[in-house]
Every structure is written in C-alpha cells, then in structure tokens.
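These notes concern the structure reproduced below.
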Amino acid sequence: MSSQTRLTRAYNLAKRIRFSNSDKFILFSDCHRGDGSFADDFANNRNIYFHAVNHYYKEGFQYVELGDGDELWENLFFKDLFEANKNVYLLLQKFFNAEKLHMIYGNHDMVYRNPNATKKLLSEYFDPKEGKNVPLFPSIQFHEGIVLVHSETGQELFLTHGHQADFMNYIGWKINRFLVRVLWKPFQVWGIKDPTSPAKNYVELIKVERRIKKWIADNGNRITITGHTHRPRFPKPEENALNYFNDGSCVHPRSITGIEIVDGTIRLIKWYIDTKDDGILQIVKETLEGPIPLHLYST
C-alpha cells in the first residue's frame, strides 16, 4: 500500500465534525508527553503547554490533538506518563467531559488505534486519595483522521498526523519503536539524535512533505493539516500554493506551536516564555502567520 493510498484511506474513514464560524478549535500535535526523565522532550515545555491549554479551555475552544500526544515508544507504561503529567491529563479530562476533546493517533502512540488498548490504558487511573480507580477518559476514541466540515460552505479541513507518508513510521512502526526504546533513548540523554524521526532528519522530512503535497495536489488541493515533521507550515492563499498546513510541535526549544481556527479564520501561533522589563517571567502568545479567512483557500 502506497503513501497515497494510506492518506486516501485515512481521509475516507475520518470522523466528520461539522462546524461554523462561531466554533473555536486549537490544534496541537507532537507533544510527546514523557516520564519526566532526561530523555523527556516535553518536560521543558510542560508549564507553557499547561498554561496555553488552560487558556483555551477557559475560552471555550475545542481541543484537537493531531497525534504523538503520548510518548509510547520510549516509555513502556502509560502510568509513568500520567504520574509525570497528572495536571495535564486532568486538564484534558475537562475537555473530554465537555465533549470538546478530539484525538488522532500518530506513530508514537499508534497503540491507540486499538480500542482495547485505549480502554485499558486511558479509561481510568488510581486515585490515592480515594484509594480506588476513578474515570479518566472512559470510552475515548482515537481516529486516524478527522475532517472538519463547514456547515454553511461545505468546505473541508482534513486533519491527520501525517505518518502515512512515512513508510517506516507507519508500516514499520514496531521496528522503529524497538530501536528508539532500546537504542536511541539512552543515546538521547547524551545528545545523539534519533535518525528514524523526520523531525530530526532533514532528508526524511523533505520526503514526507513531498508525498503529502502530492496527495493534496491529486485530491483537489484539499486543505490538509498534519504534524509529524515538527516543522510549522502555513501557506498563503494569494501565492496559489498547495493547501498544506503543519502545526509544528510542543517540543520546540522553549516554545510550542499550534494552529487556531477562530471566527472562520486560521492562524499559526506560538506560546513561549518572555521576560517583562522588571525581570518577571511570563508566558505569552504570538501570532506567527494569519489570521486568514478559510474561504480564501479554494479547493
């Protein structure tokens, strides 16, 4: 099965969600939530991420995670991730309880494509205060793709992780998981990069982007938003470019990036730590690209 066929299948089987200009979405991906060890890339940005997601919850956004939210290659047990990031998961639980949490699996959390594994890992957790298991994400579902469909214009936004365009991280993901878990995680502590990841291998990154762009071109220039490569992408409609977006990642050095869909517009944003004139640190949001009305992106 080719990368083009895999992307087409993800689109055809995607969950459809209707939305209007009054709806608000925040798209994050590639959080790689870990166990808090030296090999945990998410640990450095945990406070930035928590502050940003808490802001979006208070503002009534829907949260969409485009895969690789949990780092289940480097870590054997989800409970280690939960214990290191309990406040994060309990915040995401608020979105889940409000029916505003939409999850897509990527290669690093590919096990979530199995509903039985998802139920076993995520349905409940042990609360030491109550001395028993309590619900976390009961009946949560992960999808390979999600299509946002505008209720008035019919315009579609195809959301997926993007590893369909990466053979070894889709078909051979178990091999790569073994290599990362046994070999590259210990090396990562010493600063040696994992060559299996397109985020750390520029040649692979270009190949993945080229395959995704080919699929977009062959399918009517459909708006497609992915993660996987960790490289933010935001086309300008006046440049007649392919409608390929990438929300970046939450493991950039000292910052996280994402995509907001608000009031019928789309924008690329960054959250990071800044310093006030008096030396006090603060977490701030910056718009990197946009906002641009979605209807300007013709398909």
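All values derive from a computational prediction rather than experimental measurement. Every heavy atom of this structure was used, including side-chain atoms; hydrogens, water molecules and symmetry mates were not.
- At least one donor-acceptor pair under 3.5 Å links the side chain of Asn75 to the backbone N or O of Glu71.
- Screening Tyr112, Phe142, Phe96, Phe95 for a ring pair (Phe, Tyr, Trp, His ring centres under 6.0 Å) with Phe137, the sole residue that qualifies is Phe96.
- Around NZ of Lys94, the count of heavy atoms belonging to other residues, nucleotides or ligands within 6.0 Å does not exceed 12.
- The environment of Lys24 atom NZ is dense: over 12 non-hydrogen atoms of other residues, nucleotides or ligands sit within 6.0 angstrom.
- Qualifying salt bridge (charged side-chain N to carboxylate O under 4.0 Å, His left out) partners for Glu289, counting only residues two or more places apart in sequence or in other chains: Lys236.
- In this structure the side chain of Leu66 never reaches within 4.5 angstrom of the side chain of Thr226, judged on heavy atoms.
- In this structure, the side chain of Glu74 does not engage the main chain of His32 through any donor-acceptor pair within 3.5 Å.
- Counting only distance, with no hydrogens or angles, the side chain of Asn85 and the backbone of Gly34 share a donor-acceptor pair below 3.5 Å.
- With hydrogens and angles left out, the side-chain atoms of Asn246 and His228 include no donor and acceptor closer than 3.5 Å.
- In this pair, Phe82 and Tyr125 present their aromatic rings tilted. The plane angle is within the 30 to 60° band.
- Legend: residues meeting salt bridge (charged side-chain N to carboxylate O under 4.0 Å, His left out) with Asp263, ordered by chain and number and at least two apart, are absent.
- Listed here is the closest heavy atom pair of Asp40 and Asp35: OD2-N, 3.6 Å.
- In this structure, Lys214 NZ and Asn219 CG are separated by 9.0 Å, a value rounded to the nearest 0.5 Å.
- By the side-chain hydrogen bond (donor to acceptor under 3.5 Å, both in side chains) test, Asp80 is found to be paired with no residue, residues two or more places apart in sequence or in another chain being considered.
- Here the side chain of His143 pairs no donor or acceptor atom with the backbone of Ile146 at under 3.5 angstrom.
- Seen from the ring of Phe158, Arg16 does not count as a face-on cation partner, given the 6.0 Å and 45° thresholds.
- Between His55 and Phe61, the ring planes are tilted. Angles from 30° to 60° get that label.
- Considering all non-hydrogen atoms of both residues, Asp70 and Arg33 come closest at OD1-NE, 2.9 Å.
- A donor-acceptor pair under 3.5 Å links the side-chain atoms of Thr257 to the main chain of Asp247, judged by distance alone.
- Membership of an apolar cluster is not assigned to Leu13, as no side-chain contact below 4.5 Å to another ILVMFWY residue is traced.
- Using bins of under 30°, 30° to 60° and over 60° for the plane-to-plane angle, the ring pair Tyr56/Trp271 lands in the perpendicular bin.
- Taking a 6.0 Å sphere around CZ of Phe77, one finds it holds 12 or fewer heavy atoms contributed by other residues, nucleotides or ligands.
- The two atoms that bring Tyr89 and Leu136 nearest to each other are O-CD1, 4.3 Å, heavy atoms only.
- With no hydrogens or angles considered, no side-chain donor-acceptor pair links Thr153 and His295 at under 3.5 Å.
- The shortest heavy-atom contact between His161 and Ile104 is N-CG2, 4.0 Å.
- Asp166 places no side-chain N or O within donor-acceptor distance of the main-chain N or O of Val208, the cut-off being under 3.5 Å.
- A search for side-chain contact (heavy atoms from CB on, under 4.5 Å) contacts involving Asn47 returns nothing, not counting sequence neighbours.
- In this structure, the separation between CD1 on Ile212 and CZ on Phe245 is 13.5 Å, given to the nearest 0.5 Å.
- Rounding to the nearest 0.5 Å gives a distance of 14.0 Å between NZ of Lys119 and CD1 of Ile140.
- Judged by distance alone, with hydrogens and angles left aside, the side-chain atoms of Asp30 form no donor-acceptor pair with the main-chain N or O of Gly227 at under 3.5 Å.
- Classified by interplanar angle (parallel below 30°, tilted 30° to 60°, perpendicular above 60°), the ring pair Tyr49/Tyr63 is perpendicular.
- The shortest heavy-atom contact between Ile216 and Asn243 is CD1-O, 3.9 Å.
- Under the 3.5 Å distance criterion, the side-chain polar atoms of Arg211 are matched with a main-chain donor or acceptor of Ala165.
- Closest heavy-atom contact between Glu209 and Tyr244: CG-OH, 3.9 Å.
- Atoms CD and OH, on Gln155 and Tyr297 in that order, are 10.0 Å from each other to the nearest 0.5 Å.
- Asp68 places a side-chain N or O within donor-acceptor distance of the main-chain N or O of Asn107, the cut-off being under 3.5 Å.
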Can you list, pair by pair, the side-chain donor-acceptor contacts under 3.5 Å of residues 275-288, counting residues two or more places apart and other chains?
| unit_1 | atom_1 | unit_2 | atom_2 | d |
| --- | --- | --- | --- | --- |
| Asp278 | OD1 | Ile280 | N | 3.2 |
| Lys285 | NZ | Glu260 | OE2 | 2.9 |
| Thr287 | OG1 | Arg267 | NH1 | 3.4 |

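- Between the OG1 atom of Thr224 and the CG atom of Leu7 there is a distance of 8.0 Å, given to the nearest 0.5 Å.
- In this structure, the separation between CD1 on Ile206 and OG1 on Thr229 is 9.0 Å, given to the nearest 0.5 Å.
- Ion pair Arg113/Glu144 not flagged as a salt bridge, since none of the NZ, NE, NH1 or NH2 atoms sits closer than 4.0 Å to an Asp/Glu carboxylate oxygen.
- Of the possible polar contacts, one joining the Gln164 side chain to the Gly162 backbone as a donor-acceptor pair under 3.5 Å is found.
- Side chain to side chain, Asn114 and Tyr105 fail the donor-acceptor criterion of an N or O pair below 3.5 Å.
- The aromatic rings of Phe25 and Phe19 lie perpendicular to each other, with more than 60° between the two planes, well past the 30° mark.
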